There are 2 protein chains.
Amino acid sequence: MKTVKEVSVLTGVSVRTLQYYDKIGLLSPAQYTQSGYRLYDTAALERLQQILLFRELGFSLAGIAEILDAPDFDRSLALAQQIELLTLQAERLQGLIAFARGLQQKGGDCMDFQAFDKTKLEDYARRAKEQWGHTEEYRAAMAAEENRTPQEQERMIRDFMRIFTEFGGMKTLSCESEQVGMQVDKLQQFITDHYYPCTDEILCGLAGMYEAGGEFTENIDAAGGAGTAAFTAAAIRAHRGRSV
Amino acid sequence: MKTVKEVSVLTGVSVRTLQYYDKIGLLSPAQYTQSGYRLYDTAALERLQQILLFRELGFSLAGIAEILDAPDFDRSLALAQQIELLTLQAERLQGLIAFARGLQQKGGDCMDFQAFDKTKLEDYARRAKEQWGHTEEYRAAMAAEENRTPQEQERMIRDFMRIFTEFGGMKTLSCESEQVGMQVDKLQQFITDHYYPCTDEILCGLAGMYEAGGEFTENIDAAGGAGTAAFTAAAIRAHRGRSV
DNA sequence: TATATACTATGACGCAGCGTCAGAGTCAAC
DNA sequence: GTTGACTCTGACGCTGCGTCATAGTATATA
């Protein structure tokens, strides 16, 4: 039988936390003394181990109680779900890091999100139309484009910029790396979702425009720092080159 | 001039949040109507953009206020620090994911952390001594070892197990990958911190023991699933092999 | 036995960043 | 004048504890 302090020292959990876990019914001591002191036995300690294990894996205390108190609960399923959740968080973090690095490169003081101005975007769309305007999907997508409010368009431009800022933050990575591949997917998906169905072929075509040295190059480099456009183009080729 | 609702729709921030930002002094509207309605101008909107940018990068609202309100604040320094923070979080997440995957592989129902029992650990230490006991660093480290409480030893064993569980979760990765390399560093650092100075040479020696098929192999595979010991050995060789 | 000390218990409040609900006022249109 | 859409504010809730205040308890020492 161990007192709160002993358990605290043993496991690194604070006394207050142990009291709290008792209060919310997550971990009760084996018994109380007449004066109300908590006493923990080895069974309680083992339960605490389990609690700490799941807690570190990011489960909520309520979730841990559910897992530990329902003997028929599918632990491995819960674990699998948690792994997915953790993976999503990790991916998000990777994206954020790339984004932050991109911001850093393009210059901390002038965090300018207006570089992609509307006229240029229209120009951009016009050139795309010249190349792929004859397809039916393109015309269908354009119909949706028409009735977007200016505010929505502004937000989309910023989102678009951001993708390139993230590319900029990945310049230290290899073009072939998986993370860069995911970013290529992201770009392709974004264009498909918001502008027109972006096939691998079209994407490779865009790669050429990005590194051609014109306004596209300028805008992209403004978003992610010098060399971002070239890096993006290389990344697209590395991950889509085979299919063309 | 835009109302709260309009700003909300435009930026995706809830009305209540805008009111909250006003209350805490983070973002004040350009003016109020006689009836107390908030009205935002473009300057306020731009400030909101900045707020959202930093918020997404994980800055606290207080931190954002500090950054935006002090014109001479070093933004790029803050950004660099935040990148470090994000990187740490990402590394931690990667470790957790590997750990969770390791747990998954060794079997969800019997999450047994007692596999490394004390006698085996003593055996482990004894063999290490046979090989490197003649060095001075070893003897110094052993002095510290002596006066650890049984509880501290137990915790260390669990921590040690955990490192192998994490290795087990990385089996799908390449031995040469950077993440696995970091895990090798972690193992080496842990041994150095808690047992004896673990040189690259010693680590490679351990690798041999891990895959020799004896108790070490059993214990490590119990921690991370079948094949973990062999994977760990290969990982050590891949990242420390050159220096031996 | 008195006291010093270490430990324990409980309740209340605080933290971040809002969401939610209640009650009341406001604005424009029909 | 009434409807419906907005807006205001304050209060409370959420997670997972830390911190502080106040009070009781256990134990060793003088």
Side-chain angles (χ1 to χ4, degrees), chain A residues 1-41 44 47-48 50-68 82 85-86 89 92 96 151, chain B residues 1-41 44 47-48 50-68 82 85-86 89 92 96 151:
Chain A
M1 289 300 185
K2 297 192 160 82
T3 67
V4 268
K5 181 73 182 284
E6 286 167 340
V7 175
S8 173
V9 171
L10 190 57
T11 63
V13 172
S14 80
V15 171
R16 208 68 182 93
T17 297
L18 288 170
Q19 292 170 344
Y20 177 66
Y21 286 176
D22 187 8
K23 187 179 181 181
I24 65 172
L26 178 58
L27 175 67
S28 304
Q31 51 168 298
Y32 301 87
T33 67
Q34 296 102 332
S35 49
Y37 284 25
R38 277 165 260 260
L39 292 177
Y40 296 84
D41 61 0
R47 187 177 166 96
L48 180 54
Q50 300 269 319
I51 291 171
L52 296 181
L53 170 64
F54 287 110
R55 189 182 69 166
E56 195 159 0
L57 289 176
F59 286 85
S60 71
L61 297 187
I64 296 173
E66 198 177 355
I67 291 173
L68 295 185
Q82 196 66 12
L85 221 162
L86 290 172
Q89 287 179 23
R92 183 185 127 80
L96 275 183
Q151 288 90 8
Chain B
M1 290 298 186
K2 297 194 160 78
T3 67
V4 268
K5 181 73 182 285
E6 287 167 340
V7 175
S8 172
V9 170
L10 190 57
T11 63
V13 171
S14 81
V15 171
R16 208 68 182 93
T17 297
L18 289 171
Q19 291 171 345
Y20 177 65
Y21 285 177
D22 187 9
K23 187 178 180 181
I24 65 171
L26 179 57
L27 175 67
S28 304
Q31 51 169 300
Y32 300 87
T33 67
Q34 297 101 336
S35 48
Y37 284 26
R38 275 165 261 260
L39 292 177
Y40 297 85
D41 62 0
R47 187 177 167 97
L48 180 55
Q50 301 269 319
I51 291 171
L52 296 180
L53 169 65
F54 286 110
R55 191 182 68 166
E56 196 161 357
L57 289 176
F59 285 87
S60 70
L61 297 187
I64 297 173
E66 200 177 351
I67 291 174
L68 295 186
Q82 196 66 12
L85 222 162
L86 290 172
Q89 287 178 23
R92 183 185 128 81
L96 275 183
Q151 288 90 6

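Note on naming: letters A, B, ... go to the chains in the order of the sequence lines (proteins, then strands), and numbering restarts at 1 for each one. What you see is a predicted model; the values in this text were computed from it and never measured.
- B/Thr3 comes within 4.0 angstrom of the backbone, heavy atoms only, and of no base.
- The side-chain contact (heavy atoms from CB on, under 4.5 Å) with B/Lys2 is formed by just one residue from the set B/Asp41, B/Leu10, B/Leu39; it is B/Leu10.
- When each of D/dC8, C/dT8, C/dC18 is scored by its nearest atom to the side-chain atoms of A/Val4, the top-ranked nucleotide is C/dT8.
- Formation of a donor-acceptor pair under 3.5 Å by the A/Ser8 side chain with backbone atoms of A/Val13 is found in this model.
- The backbone N or O of A/Ser28 sits nowhere less than 3.5 Å from a side-chain atom of A/Arg47 that would complete a donor-acceptor pair.
- B/Gln50 places no side-chain N or O within 3.5 Å of a backbone atom of B/Leu68 that could act as its donor or acceptor partner.
- For the pair A/Leu52 CG and D/dC17 P, the interatomic distance rounds to 9 Å; values are reported in whole Å.
- Listed candidates were C/dT8, C/dG19, C/dC18. Nearest to the side chain of B/Arg16 is C/dG19.
- Listed nucleotides: C/dG17, C/dA9, D/dC8. Nearest to the side chain of B/Leu61: C/dG17.
- Atoms CZ (A/Phe54) and C1' (D/dT15) sit 19 Å apart, rounded to a whole Å.
- Between the P atom of C/dC18 and the CG atom of B/Leu18 lies a distance of 10 Å, rounded to the nearest Å.
- Summarising the geometry, the separation between OH on A/Tyr32 and C1' on D/dA26 is reported as 20 Å, rounded to the nearest angstrom.
- Results of the side-chain contact (heavy atoms from CB on, under 4.5 Å) test with B/Ile64 over B/Ile51, B/Leu27, B/Leu53 single out B/Ile51 as the only residue that passes.
- At C/dA9, one or more side-chain N or O atoms of A/Gln19 fall inside 4.0 Å of OP1 or OP2 (strictly under the cut-off).
- In the set D/dT7, C/dG19, D/dC17, the nucleotide with an atom closest to the side chain of A/Thr17 is D/dC17.
- Here D/dG24 is the nucleotide among D/dG24, C/dC18, D/dC17 with the atom lying nearest to any side-chain atom of A/Tyr37.
- Rounded to an integer number of Å, the gap from CG of B/Leu26 to P of C/dG17 is 10 Å.
- Nearest to the side-chain atoms of A/Ser35 among the listed nucleotides C/dG19, D/dT25, C/dT8 stands D/dT25.
- A/Ser14 comes within 4.0 angstrom of sugar-phosphate atoms only, judged by non-hydrogen atoms across all strands, and of no base.
- Distance B/Gln34 CD to D/dT7 C1': 14 Å, rounded to the nearest Å.
- OP1 or OP2 of C/dA9 has at least one side-chain nitrogen or oxygen of A/Arg38 nearer than 4.0 Å.
- Side chain of B/Tyr21, nearest nucleotide from C/dC18, D/dA26, D/dC6: C/dC18.
- Taking atom CG of residue B/Leu27 and atom C1' of nucleotide C/dC18, one finds them 15 Å apart after rounding to whole Å.
- For the pair A/Leu39 CG and C/dC7 P, the computed distance is 15 Å after rounding to whole Å.
- Here C/dT8 is the nucleotide among D/dC6, C/dT8, C/dC18 with the atom lying nearest to any side-chain atom of A/Lys5.
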